[in-house]
Amino acid sequence: RNAKYLVVVRIGDASKFPIDDYYSNEKYKRLEPVTFQDWRECFVSVVAHELRHIYQFVKNKPHSEVDASRYGFKKLQEWRAIACPTQHK
């Protein structure tokens with residue numbers, strides 16, 4: 001009730017992973033292709049993507065799916081470096 005911004009994220013069952021990111025692989029071909037290895041990676045990227053939309057709104061920036069997807073990918077790379085540094089360089 002008192003939330004100023006509300007984001008609801010549904011990721012899906014763990015058995016669905018690995019899965020390709022729709023935005024980077026299908027909708028916006030100019031983005032680097034991304035495959036989420038598990039639900040955690042997807043969660044990090046999707047939440048960062050949606051938070052970027054809130055940032056765009058608050059700062060009166062243009063609404064951009066490409067910008068939000070790039071931001072989500074950046075945060076996913078940071079997550080991968082922390083969660084499994086030997087696998088993702």
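Values reported hereafter were calculated over all heavy atoms of this structure, with side chains retained and with hydrogens, waters and symmetry mates removed.
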[X] versus [Y]: any side-chain heavy-atom pair under 4.5 Å?
| X | Y | value |
| --- | --- | --- |
| I82 | R80 | no |
| F73 | E32 | yes |
| Y5 | V58 | yes |
| Q56 | P62 | no |

Sequence neighbours excluded, which residues qualify as side-chain contact (heavy atoms from CB on, under 4.5 Å) partners of F36? F17, I19, D21, V34, E41, C42, S45, L76

Applying side-chain contact (heavy atoms from CB on, under 4.5 Å), can you list everything that pairs with P18, at least two apart in sequence or on another chain? T35, Q37

Between H53 and E50, a side-chain donor and acceptor under 3.5 Å: no

Closest non-hydrogen atom pair between D38 and R40, with its separation: OD1-N, 3.0 Å

List the steps and the verdict of side-chain contact (heavy atoms from CB on, under 4.5 Å) for R52 and R70. CA-CA 10 Å; R52 186 65 166 193; R70 284 187 177 139; over 6 Å; no

Do Y71 and V47 sit in one hydrophobic cluster, given that two such residues count as connected whenever their side-chain heavy atoms are within less than 4.5 Å of each other, even indirectly? no

State plainly whether one hydrophobic cluster holds both V44 and Y55, where clusters connect Ile, Leu, Val, Met, Phe, Trp and Tyr through side-chain heavy atoms under 4.5 angstrom apart. no

